[in-house]
A.B. asks: 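Before I ask anything, let me first share the structure, which is written out below as structure tokens.
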Amino acid sequence: ASGKTAQFGELPPGLSSGSEAAWAKLVEGVFPTWCVDENENRLSNLTTCADGSTNGRYNPLYLTKWRGGEDPALGGYPTDVDTRYPFYFASGFFGQACGGGNAHCSFDFDGSKNNCAKCGKIVTDSDDGLNGPGHVPPHIGLASLTRAYYDDDFGDVATWFDYDQNACRVLPSVLLPMIRKYFPRGEDGSVKYPPPFTQDGGPGAENGATYPYPLEYINIVGDSCTKEQENFPTAICFESHSNGNITDYPEYLEPGHGSPHYCSVGGIKADVNTDWCPYIFFGPNRGKYRHPHIAYAAVEVWLANKVMPDKCGATWDDNDGKDYPYTPDHSYAFPKMAAVEGHPEDPKQPALKEDGAFIWPGDEGRKKKAVPGIFVIDKFLTPTTIGEPMEFPLLTDGSAPKSSSSMKFGSSSYTLYFGGFIVAAIGFFS
């Protein structure tokens, strides 16, 4: 980066005074949170909270992904699909484990016995194929967008938007070159994305500086921190972000399993999808985790409001979020959840059977639903190689899948028939 003068000042505002406070303030400004009293009870009858912020509709104490995509009153935030992050490449909501997320499980994958995160994301070896760049983690989009903001190579911020084409969101055709400048593919087409809690994978600042995304609050501590810092010396561990050590963890938690989630010992032993476990809920940063895709959306809103104030409001709800939550919503199918014995005030963890296994799906079912949007389905239609396939796969009548009889190569319209229900894809499947 050449270190140009930032067009609208620091991003986020106040960055030079501290990245954690600056990012928290930006995200809360775009996703206003509700007021709480000293006991964390919601205060609905106020216009302005004690700290001067607007009494909004999002949870200031974000503890679990469980209610993501649903009514914010339940405690969750919009999903990556809700915010329309362009390079998420979600799986469809066909009732399979991890449906609607970035892991793509097959129609016969047994999500009641296997960790659906192992199904894998969409990975490509070039950016010009049917699945484009494949899944690019939102923190990489955030890192690239903020680095480009301080870089001469990408021109006036106004050129990053086209309201008629993409409303108040950065054009994907603008974002991808940013990503490839800072995270290029190797000669073999492969690309590795550093984690968000490092300088390598974090946001940008003036003069080409980078820093860890501060609202991650990663669960690495002690030996796991030492190991992580062998690969990424700038990794911010629990000792740094929470000024603590492994003795601060509740005794039932498995410390240091390397995500922003905090799972029980039994949950890790059962190989649960760590996305099902709560975010940091103890210590000074209780409830402060915010998804990188939420921070990315906050940056989009902030920039769009600067260049198109007559069209793009200052909050996400003014723009894409005006009809949120959508119908049907974009929530994920969670396992059965349970309170932690002896810790009734702590967030719920995945429930475990007597044999130690998790229970999926949970009480809300598989959440198969017809969701508008662009989803990748090729991996769903490919038989699983993980564990034993289900005896009765995800088909409406339990029969073997039927191949399409109406697919036409070279046509822009495809219809896939399997198991008695129809999936229609207009244009490319990606």
Side-chain angles (χ1 to χ4, degrees), residues 18-44 49-53 55-68 72-78 139 196-197 212-222 224-225 235-265 267-268 274-295 298 334 337-350:
S19 63
E20 185 176 14
W23 276 106
K25 186 174 182 179
L26 175 66
V27 172
E28 183 171 344
V30 175
F31 294 88
T33 58
W34 63 65
C35 307
V36 294
D37 62 19
E38 64 275 9
N39 296 315
E40 300 181 352
N41 297 308
R42 183 174 184 177
L43 301 175
S44 301
C49 303
D51 62 0
S53 62
N55 194 357
R57 66 169 180 156
Y58 294 98
N59 189 355
L61 297 162
Y62 183 46
L63 300 175
T64 176
K65 194 175 183 177
W66 189 359
R67 299 300 185 181
L74 298 174
Y77 275 73
H139 75 268
F197 50 89
Y213 174 61
L215 305 184
E216 189 77 1
Y217 307 113
I218 192 75
N219 181 2
I220 49 176
V221 64
S224 62
C225 176
I236 300 298
C237 305
F238 183 83
E239 289 88 345
S240 297
H241 65 63
S242 292
N243 195 29
N245 57 55
I246 200 168
T247 64
D248 296 313
Y249 279 59
E251 75 281 356
Y252 66 86
L253 290 184
E254 179 71 29
H257 56 73
S259 81
H261 299 270
Y262 289 74
C263 298
S264 68
V265 172
I268 293 298
T274 58
D275 278 3
W276 299 338
C277 303
Y279 299 110
I280 193 162
F281 61 90
F282 59 96
N285 296 314
R286 168 179 166 81
K288 293 182 179 180
Y289 172 81
R290 296 295 184 269
H291 292 283
H293 77 267
I294 292 295
F334 255 57
M337 303 292 285
V340 179
E341 185 176 355
H343 299 267
E345 301 301 318
D346 288 0
K348 291 183 177 181
Q349 295 273 349

A.B. asks: Using a 3.5 Å distance criterion without hydrogens, assess whether the side chain of Asn285 forms a donor-acceptor pair with backbone atoms of Lys288.
C.D. replies: no

A.B. asks: Quick one: does any side-chain atom of Glu239 pair with a main-chain N or O of Gly222 as donor and acceptor, under 3.5 Å?
C.D. replies: yes

A.B. asks: Are side-chain heavy atoms of Thr274 and Ile268 found at a separation under 4.5 Å?
C.D. replies: yes

A.B. asks: Mind checking what makes side-chain contact (heavy atoms from CB on, under 4.5 Å) contact with Pro284, not counting sequence neighbours?
C.D. replies: Ser242

A.B. asks: Can you tell me how far CD of Glu40 sits from CG of Leu61, rounded to the nearest 0.5 angstrom?
C.D. replies: 4.5 Å

A.B. asks: Is there a side-chain contact between His257 and Glu254, using heavy atoms and a 4.5 Å cut-off?
C.D. replies: yes

A.B. asks: Does some side-chain heavy atom of Trp276 sit less than 4.5 Å from a side-chain heavy atom of Pro350?
C.D. replies: yes

A.B. asks: Are the side chains of Trp34 and Leu43 in contact, using a 4.5 Å heavy-atom criterion?
C.D. replies: no

A.B. asks: Any idea which heavy atoms bring Asn55 and Cys35 closest together, and the distance?
C.D. replies: OD1-N, 2.9 Å

A.B. asks: Checking His261 side chain against Thr64 main chain: does a donor-acceptor pair fall under 3.5 Å?
C.D. replies: no

A.B. asks: Output side-chain donor-acceptor pairs under 3.5 Å for residues 340-348, partner residues at least two apart or in another chain, one line each.
C.D. replies:
from   : atom 1 : to     : atom 2 : distance (Å)
His343 : NE2    : Glu251 : OE2    : 2.9
Asp346 : OD2    : Tyr252 : OH     : 2.6

A.B. asks: Can you list everything that forms a ring pair (Phe, Tyr, Trp, His ring centres under 6.0 Å) with His241? Sequence neighbours excluded, please.
C.D. replies: Tyr217, Phe238

A.B. asks: So how far is it from Ile246 CD1 to Cys237 SG, rounded to the nearest 0.5 Å?
C.D. replies: 11.5 Å

A.B. asks: Step through the shown structure and confirm whether more than 12 heavy atoms of other residues, nucleotides or ligands are within 6.0 Å of CG on Asn243.
C.D. replies: no

A.B. asks: Could you tell me if the side chain of Asp248 sits less than 4.5 Å from the side chain of Asn245, heavy atoms only?
C.D. replies: yes

A.B. asks: Any side-chain heavy atom of Pro32 within less than 4.5 Å of one from Ser53?
C.D. replies: no

A.B. asks: Okay, side chain of Gln349, backbone of Val265: is any donor-acceptor separation there less than 3.5 Å?
C.D. replies: no

A.B. asks: Are any non-hydrogen side-chain atoms of Leu74 and Trp66 less than 4.5 angstrom apart?
C.D. replies: no

A.B. asks: Just by distance, no angles: are the side chains of Tyr62 and His291 close enough, under 3.5 Å, to form a donor-acceptor pair?
C.D. replies: yes

A.B. asks: With ring centroids as reference points, do Tyr213 and Phe197 lie under 6.0 angstrom apart?
C.D. replies: no

A.B. asks: Closest heavy-atom contact between Pro212 and Ile236?
C.D. replies: CG-CG1, 3.5 Å

A.B. asks: Which value, rounded to the nearest 0.5 Å, describes the distance between Asp51 atom CG and Glu28 atom CD?
C.D. replies: 6.0 Å

A.B. asks: I need the minimum non-hydrogen distance between Pro60 and Val36, along with the two atoms involved.
C.D. replies: CG-CG1, 3.8 Å

A.B. asks: Quick one: does Asn59's side chain have a donor or acceptor within less than 3.5 Å of a partner on Gly76's backbone?
C.D. replies: no

A.B. asks: Under 3.5 Å, side chain of Asn219 to main-chain N/O of Ser259, donor-acceptor pair present?
C.D. replies: no

A.B. asks: Under the ring pair (Phe, Tyr, Trp, His ring centres under 6.0 Å) test, which residues partner Tyr58, sequence neighbours left out?
C.D. replies: Phe31, Tyr77

A.B. asks: Using the side-chain contact (heavy atoms from CB on, under 4.5 Å) criterion, which residues pair with Pro260? Sequence neighbours excluded.
C.D. replies: Glu216, Ile218, Tyr279, Tyr289

A.B. asks: What residues, two or more places apart in sequence or in another chain, satisfy side chain to side chain donor-acceptor pair (under 3.5 Å) together with Arg57?
C.D. replies: Asp317

A.B. asks: When you measure from the side chain of Arg286 to the backbone of Phe281, do you find a donor-acceptor pair of N or O atoms at a distance under 3.5 Å?
C.D. replies: yes

A.B. asks: Can you name the closest pair of heavy atoms from Leu253 and Pro255 and give their distance?
C.D. replies: O-CD, 3.2 Å

A.B. asks: Quick one, Ile220 and Ser224 - any side-chain contact, counting heavy atoms below 4.5 Å?
C.D. replies: yes

